[in-house]
S.K.: 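Below you'll find the structure I mean.
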Amino acid sequence: MGRITLLSSAAMLKGATFALAVAAGTFFAESGAEAAPKTAITVGMTIEPAGLDPTIAAPVAIGQVTWQNIFEGLTTIDKAGKVQPQLAESWQISPDGLTYTFKLREGVKFHNGVAFDSSVARFSIDRARGADSVNPQKRYFASIDTIETPDASTLVLKLKQPAGSLLYWLGWPSSSIVEPRSAAENKTTPIGTGPFKFVSWAKGSKVDLARNPDYWNKAVSLKLDTALFRFISDPQAQAAALKAGDVDAFPEFAAPELIKSFEGDKTLATVIGNTELKVVAGMNNTRKPFSDKKVRQALMMAVDRATVVEGAWSGFGTPIGSHYTPNDRGYKDLTGVYAYDAEKAKALLAEAGYPDGFTFTIKAPQMAYAQRTSQILQAMFAEIGVTMNIETTEFPAKWVADVLKAADYDMTIVAHAEPMDIDIYARDPYYFNYKNPVFNDVLKKVEATSDPAEQEKLYGEAQTILASDVPALYLFVMPKLGVWNAKVKGLWENEPIPSNVLTDVHWEE
């Protein structure tokens with residue numbers, strides 16, 4: 001039996017050389033002995049998750065290990081970004097959009113043998129939406145009024161108001177279904193219904209998974225018996241591990257400047273795909289001078305996005321003018337709203353009362369893209385008389401405490417990984433401290449309709465408002481730079497949701 005070691009890389013949001021013993025199984029045919037196909041994989045990740053329960057913490061690295069491998073939801077998001085049935089095999093929505101009736105799959109068991117049914121689904125949703133919930137996407141469940149379980153295989157959600165994105169939200173890692181008795185321990189010993197079971201977690205090094213022999217979905221033919229996620233933060237070490245074969249795949253390779261070093265290596269495949277990773281420099285909209293819209297607009301005009309992409313990510317990336325990607329429905333290219341113009345930026349700063357500029361600090365996470373982008377912005381702002389000091393802020397713990405929770409910062413920079421998350425600007429509180437009732441009303445209208453054309457029109461309006469108000473500096477969308485063994489098949493080339501889904505992964509001999 002072969003063994004595969006997995007290294008996972010986070011949304012961005014480390015490591016030592018790892019030796020994995022691979023036992024080579026053989027079988028004998030009449031024609032002689034042949035090596036059995038490999039049934040293990042090592043996948044590399046840049047960032048190690050702080051925990052393994054995606055329903056209680058936000059960092060995307062959690063889902064990149066556990067989502068669709070250990071945990072599943074009522075619905076799921078496929079590799080094309082579409083909603084598909086999962087633990088709910090079907091559903092009906094009432095004409096007024098206020099009642100969702102789910103038919104749940106029967107015969108599904110958690111890894112500890114406990115049966116999945118409507119009471120478990122209700123527990124998971126109530127846990128996520130409860131008063132003491134720490135679910136990172138608690139807002140996903142805010143529209144739910146009551147939950148009914150008429151029988152073991154039926155779940156009925158009664159809503160306070162229509163929620164046009166509910167089925168999509170229910171497919172997210174934060175909406176994973178958890179088993180009541182083991183839920184409190186999922187942070188360190190996760191138990192789900194997925195195709196892989198948790199085996200062990202060596203902090204600072206790796207997470208081991210093993211195939212779930214009792215997996216409910218018999219339509220899935222799992223080819224992996226074991227999977228290992230290894231955490232390697234240093235880009236040079238990542239490249240060395242790939243070239244040496246110590247790691248089989250790095251689905252999110254962290255060093256675009258090293259991509260060319262793989263050219264000519266026929267044992268490795270380099271795959272450039274799409275992501276939802278929107279690199280934005282968020283500003284504290286209630287702290288001077290960022291409380292003045294003219295200042296924010298001036299800073300946006302001081303930024304040459306093309307230069308940022310080239311310098312920060314070796315030319316890989318797509319400039320954006322709002323908190324939206326070209327992959328998202330209803331996308332508008334708004335990079336021209338406040339295009340690069342240093343002279344106009346200076347004039348607008350003077351108009352705002354800062355003819356001699358000002359000084360501030362950016363809290364930048366240690367990830368390469370954040371550090372490089374900050375240095376480029378620092379030079380660009382200097383051209384208009386603005387001094388930006390860079391304070392490296394450890395991600396996730398320190399950044400989450402200072403920026404996300406306390407909003408104690410002037411400017412920061414981070415890659416927002418969630419698809420279609422333009423609604424974060426309507427959250428109160430949220431670290432931008434941006435408040436615009438007109439924007440909030442547009443987002444409410446999106447949820448009030450199930451008409452795709454109308455939703456796309458409204459999303460366009462929302463993008464335009466942000467491009468004008470500039471609560472954050474909209475920079476670029478990062479690509480998915482995947483590097484893996486050429487014989488590894490089934491990894492997602494694109495990333496409509498941060499993940500390392502192993503269900504279809506196999507070795508092609």
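Here the structure is a predicted model, which is why all the values come from computation and not from measurement.
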S.K.: What verdict does the side-chain hydrogen bond (donor to acceptor under 3.5 Å, both in side chains) test give for Thr392 and Gln366, after you've listed the backbone C-alpha separation in whole Å, the side-chain angles of each residue and the deciding distance to 0.1 Å?
M.R.: CA-CA 6 Å; Thr392 300; Gln366 75 276 15; over 6 Å; no
S.K.: Would you call Asp504 and Lys223 a salt bridge, taking side-chain N to carboxylate O under 4.0 Å as the test?
M.R.: no
S.K.: Does the gap between the ring centers of His111 and Phe198 come in under 6.0 Å?
M.R.: no
S.K.: Looking at Arg372, is its backbone amide N or carbonyl O close enough to the side chain of Ser374 to form a donor-acceptor pair, meaning the two atoms are under 3.5 Å apart?
M.R.: no
S.K.: Taking only residues at least two apart or on different chains, which pairs with a member in residues 124-136 satisfy side-chain hydrogen bond (donor to acceptor under 3.5 Å, both in side chains)?
M.R.: Asp53-Arg127, Thr55-Arg127, Asp126-Arg129
S.K.: How about Tyr425 and Phe432: are their ring centres within less than 6.0 Å of each other?
M.R.: yes
S.K.: Hey, does the side chain of Thr275 reach the backbone of Leu277 with a donor-acceptor pair shorter than 3.5 angstrom?
M.R.: yes
S.K.: Could Asp265 and Lys243 be called an ion pair, given the rule that one side-chain N must be under 4.0 Å from one carboxylate O?
M.R.: no
S.K.: Can you pull out every salt bridge (Lys or Arg N to Asp or Glu O under 4.0 Å) where at least one residue sits in residues 150-160? Sequence neighbours excluded, please.
M.R.: Glu148-Lys158
S.K.: Looking only at atom types and distance, does a side-chain atom of Lys480 sit under 3.5 Å from a main-chain N or O of Pro251, one as donor and one as acceptor?
M.R.: yes
S.K.: Does Tyr431 form a ring pair (Phe, Tyr, Trp, His ring centres under 6.0 Å) with Trp399? I'd like the steps, not just the answer.
M.R.: CA-CA 11 Å; Tyr431 77 90; Trp399 187 89; 5.5 Å; yes
S.K.: Working to the nearest 0.5 Å, report the span between CG of Asp423 and CD of Glu447.
M.R.: 8.0 Å
S.K.: Looking only at atom types and distance, does a side-chain atom of Tyr474 sit under 3.5 Å from a main-chain N or O of Tyr324, one as donor and one as acceptor?
M.R.: no
S.K.: For Glu185, is there an ion pair with Lys187 - N to carboxylate O distance below 4.0 angstrom?
M.R.: no
S.K.: Donor-acceptor check, side chain of Thr393 to backbone of Glu391, threshold 3.5 angstrom: yes or no?
M.R.: yes
S.K.: Examine Phe253 together with Trp484 and report whether their ring centres are nearer than 6.0 Å.
M.R.: no
S.K.: Judged by modelled atom types alone, do Trp216 and Glu106 share a side-chain donor-acceptor pair under 3.5 Å?
M.R.: no
S.K.: Going by an N to O cut-off under 4.0 Å, is there a salt bridge joining Glu508 and Lys487?
M.R.: no
S.K.: Hey, are Lys82 and Asp78 close enough for a salt bridge, meaning a charged N less than 4.0 Å from a carboxylate O?
M.R.: no
